[in-house]
There are 4 protein chains.
Amino acid sequence: MPKLGMEPIRRAALVEATIAEIGAAGSLDVTVGQIARRAGMSTALAHHYFGGKDQIFLAAMRQILRDFGREVVAGLHAARNPRARAEALIAASFAPSCFAPATVSAWMMLYAQATTHPETHRLLHLYQRRLRTNLTHALRPLSADPRGHAETLGALIDGLYLRAALSPDDTVAQARATAQHALDTLIGPRQ
Amino acid sequence: MPKLGMEPIRRAALVEATIAEIGAAGSLDVTVGQIARRAGMSTALAHHYFGGKDQIFLAAMRQILRDFGREVVAGLHAARNPRARAEALIAASFAPSCFAPATVSAWMMLYAQATTHPETHRLLHLYQRRLRTNLTHALRPLSADPRGHAETLGALIDGLYLRAALSPDDTVAQARATAQHALDTLIGPRQ
Amino acid sequence: MPKLGMEPIRRAALVEATIAEIGAAGSLDVTVGQIARRAGMSTALAHHYFGGKDQIFLAAMRQILRDFGREVVAGLHAARNPRARAEALIAASFAPSCFAPATVSAWMMLYAQATTHPETHRLLHLYQRRLRTNLTHALRPLSADPRGHAETLGALIDGLYLRAALSPDDTVAQARATAQHALDTLIGPRQ
Amino acid sequence: MPKLGMEPIRRAALVEATIAEIGAAGSLDVTVGQIARRAGMSTALAHHYFGGKDQIFLAAMRQILRDFGREVVAGLHAARNPRARAEALIAASFAPSCFAPATVSAWMMLYAQATTHPETHRLLHLYQRRLRTNLTHALRPLSADPRGHAETLGALIDGLYLRAALSPDDTVAQARATAQHALDTLIGPRQ
DNA sequence: AATGAATGAGTTTTCATTCAT
DNA sequence: GATGAATGAAAACTCATTCAT
């Protein structure tokens, strides 16, 4: 029973299925067949709507980054002062959603593919630049060297995320605390 | 005329070829055929010596980590005091050898596969623990919270490496400077 | 707002698109999708009007032959005597329209498919018989063996067309001259 | 039970199977799977030895042309004078082997693909040039215009072959007679 | 009249792996 | 010790065709 306007629905379903499938497999070795099956359609349709596997994957990555971006924006919105903004950025980076297996795998995929796939690299770069900008902006009124501190904090967050994401036990809270602590060290503790 | 005692030679050749091939491809999509050809032997022999692709890859990763470990040991050996030891650890992490394309790709592979492959995960964990131990040890005489600072510095190094490795332009020196600066902030600048 | 009497328009558009697409691709590997897109409609409609790909192709071939037939008829019409009629047949066979890439490709398709597709074979046979009849008719007052000479001349024209069509450089004029010369040899030169 | 030196055997088997399969299908729509099955091996092996479908087809075409070339050489070898050489060329072009279904289909494939595939075009061109050279050579002592007559005769042979090949009933003998007759007309009948 | 939606069946191609020699 | 031979299994992708709307 074909309906009209299925394209956005199908695309969304495929993206969601891709993320889910990556999460379930815990790996990047996911076939279009698996994705399509999970999304409840034929591989042919998946190809029809996306043109190829690469573009399905790319769309999934964009979705991951978009979700993360939303998390960040929401956090920043709720923050009432610079320090709160900086803390919100840390919080967003260690939000539970970032540690869903699918998200972790997708994130690893981003890093792994960035060396080869130019488009992936561009995407990753975009995210890093945005985070740096946000951090710099938040630190400007608080720090003598907002740029440098943003750079440091950003890299620290990435490193902590990497470690927490790969740890079997939940060290997310600890990672977040470490980041928070580093922030305190850089700009002085909260009064 | 097959020679005796070829096993270690063949294994070493395969491991080297694996790393080189990964570097050349700039990706993890490397076939056993490519590796074997580069190592100058048949795929059958590659399987004979390693049992399977996974184990070839694992051996390559071990080699990468071993190489890095050697770099670390050499640096630590030359260091004459705790601070020098901490700085040597930073220096080793940003040594040129760590940024050879093959090494970068292999490193990314490590992260990407660690979520799935338990053995890979174990390897990565080992490295991280060793680095943490080394750092903690170096910081003990210098820091009020050697453990915490080691954790922070370790994660920061990972994050900076990730970013520097993926940047097209050479930001290695800057990354290293940032790590060094963070060390100064944590334990106070050199007198 | 669908209009009435669209059928002939749509069919013509599809046939034209088929020939154009074959010409553009320079090959027989043309999909219904490509044809329909070029004709400005959906593949479903193409199927609706023709029933299947084979029939679209067949219609295109009929069109090619019809076009050629028209060229022949026009030439014969303008000819005022038997010799002129024979020459008109040669001229029609080497008319520029016969060497349009689309036409050449379609013609090759005819030959290639004639071995398999009985319907295609029938079409090709029809054309060949008609050309032979026309030639025989024109040669009757000029030749001692109109049938035999028509057979020879017809085959020669086909062979020359094949060679000229596949030559990258324009050898059409030369091919035509050769055919003309053969005619002269067979029935004696013009007085 | 794998043996050594299989490559030439396998390649030959594949080429033969390709020609046979094209003949059986009476069409160019032959899959690698069909070819491999007929040759008694897996598709993977077919790819292994030839690299791809195109190259299998190309090899088959080369074989067809080589076979024809051998037929020609044998005929020329047996001929004791120029006229016999010219007749041998005609005879070779209408030899039974040229009308085996597989050969006809392959020949059609050559023509159909020549417009697109440069390599195929090159091959076809080669054959045409060689035939022209042979004919010119044979006609030199017999004809006032050996080049022109060779051109004419060559095209005539192609055209007659095309028609005979596509005729269901056996008109090969007649086609050959027509070519022979044309030769007589061009250079005068045998004394 | 027209189409977006959807798919089944098929194609080429790749690759890790096994085995007899 | 070493390899050419061989394959099964699976992957991405294509396309003619159908159908409900």
Side-chain angles (χ1 to χ4, degrees), chain A residues 1-7 9-10 29-36 40-57, chain B residues 1-7 9-10 29-36 40-57, chain C residues 1-7 9-10 29-36 40-57, chain D residues 1-7 9-10 29-36 40-57:
Chain A
M1 50 204 91
K3 288 162 191 167
L4 268 82
M6 290 302 283
E7 174 148 2
I9 298 170
R10 292 299 197 183
D29 289 330
V30 171
T31 71
V32 175
Q34 291 168 331
I35 293 169
M41 69 192 87
S42 67
T43 65
L45 199 57
H47 274 95
H48 174 67
Y49 280 126
F50 275 99
K53 192 188 188 183
D54 285 7
Q55 282 156 286
I56 299 178
F57 268 50
Chain B
M1 52 203 87
K3 288 161 193 162
L4 287 168
M6 289 300 283
E7 174 149 359
I9 297 170
R10 293 296 197 184
D29 291 331
V30 172
T31 71
V32 175
Q34 290 169 326
I35 294 168
M41 68 191 86
S42 67
T43 64
L45 197 57
H47 273 88
H48 175 68
Y49 278 126
F50 276 100
K53 191 187 188 182
D54 286 7
Q55 282 154 286
I56 299 178
F57 268 48
Chain C
M1 52 202 86
K3 287 162 194 162
L4 287 167
M6 290 299 283
E7 174 148 1
I9 297 170
R10 293 295 198 186
D29 290 330
V30 171
T31 71
V32 175
Q34 290 170 325
I35 293 168
M41 68 191 88
S42 66
T43 63
L45 197 57
H47 272 88
H48 175 67
Y49 279 127
F50 276 99
K53 191 188 189 183
D54 286 7
Q55 283 154 288
I56 299 177
F57 268 48
Chain D
M1 50 205 88
K3 289 162 192 167
L4 267 85
M6 290 302 282
E7 174 149 1
I9 297 169
R10 291 300 197 182
D29 290 329
V30 171
T31 71
V32 176
Q34 291 169 332
I35 293 168
M41 68 192 87
S42 66
T43 65
L45 197 57
H47 274 93
H48 173 67
Y49 280 124
F50 274 100
K53 190 187 188 182
D54 285 9
Q55 282 156 285
I56 299 179
F57 268 50

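From a predicted model like this one, the values you see are computed outputs, not experimental measurements. Here is the naming used below: chain letters follow the sequence lines, and residue numbers restart at 1 for every chain.
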message = Considering every strand and a 4.0 Å limit on heavy-atom distances, what is the contact class for F50(A): base, sugar-phosphate, or nothing?
response = nothing

query = What's the shortest heavy-atom distance between F57(D) and I35(D), and which atoms?
reply = CE1-CD1, 3.9 Å

Produce the list of close N/O pairs, under 3.5 Å, pairing protein atoms with atoms of nucleotides 13-16 of chain E; give distances to one decimal.
| unit_1 | atom_1 | unit_2 | atom_2 | d |
| --- | --- | --- | --- | --- |
| dT13(E) | OP2 | H47(D) | NE2 | 2.9 |
| dT13(E) | OP2 | K53(D) | N | 2.9 |
| dA16(E) | OP1 | K53(B) | NZ | 2.8 |
| dA16(E) | OP2 | V32(B) | N | 3.0 |

Can you list, pair by pair, the side-chain donor-acceptor contacts under 3.5 Å of residues 41-48 of chain C, counting residues two or more places apart and other chains?
| unit_1 | atom_1 | unit_2 | atom_2 | d |
| --- | --- | --- | --- | --- |
| S42(C) | OG | L45(C) | N | 3.2 |
| H47(C) | ND1 | T43(C) | O | 3.2 |

key: Range-with-range stems for DNA chain E, at least three Watson-Crick or G-U pairs under 3.5 Å   = E:2-21 with F:2-21

message = Expressed as a whole number of angstroms, how long is the span from M6(A):CE to dA20(F):P?
response = 15 Å

inquiry  = Could you tell me if the side chain of Y49(D) sits less than 4.5 Å from the side chain of I9(D), heavy atoms only?
reply    = no

query = For Y49(B) and dT17(E), what is the distance between atoms OH and C1' respectively, to the nearest whole Å?
reply = 18 Å

task = May I have the distance from Q34(D) (atom CD) to dG10(E) (atom P), rounded to whole angstrom?
result = 11 Å

message = From CZ of R10(B) over to P of dG1(F), roughly how many Å is that when rounded to an integer?
response = 10 Å

request  = Write down the atom of V32(D), the atom of K53(D), and the distance for their closest heavy-atom approach.
outcome  = CG2-CG, 3.5 Å

query = How long is the line joining CD1 of I35(A) and C1' of dC13(F), in whole Å?
reply = 14 Å

query = Any idea which of dT7(F), dA6(E), dT3(F) is nearest the M41(B) side chain?
reply = dT3(F)

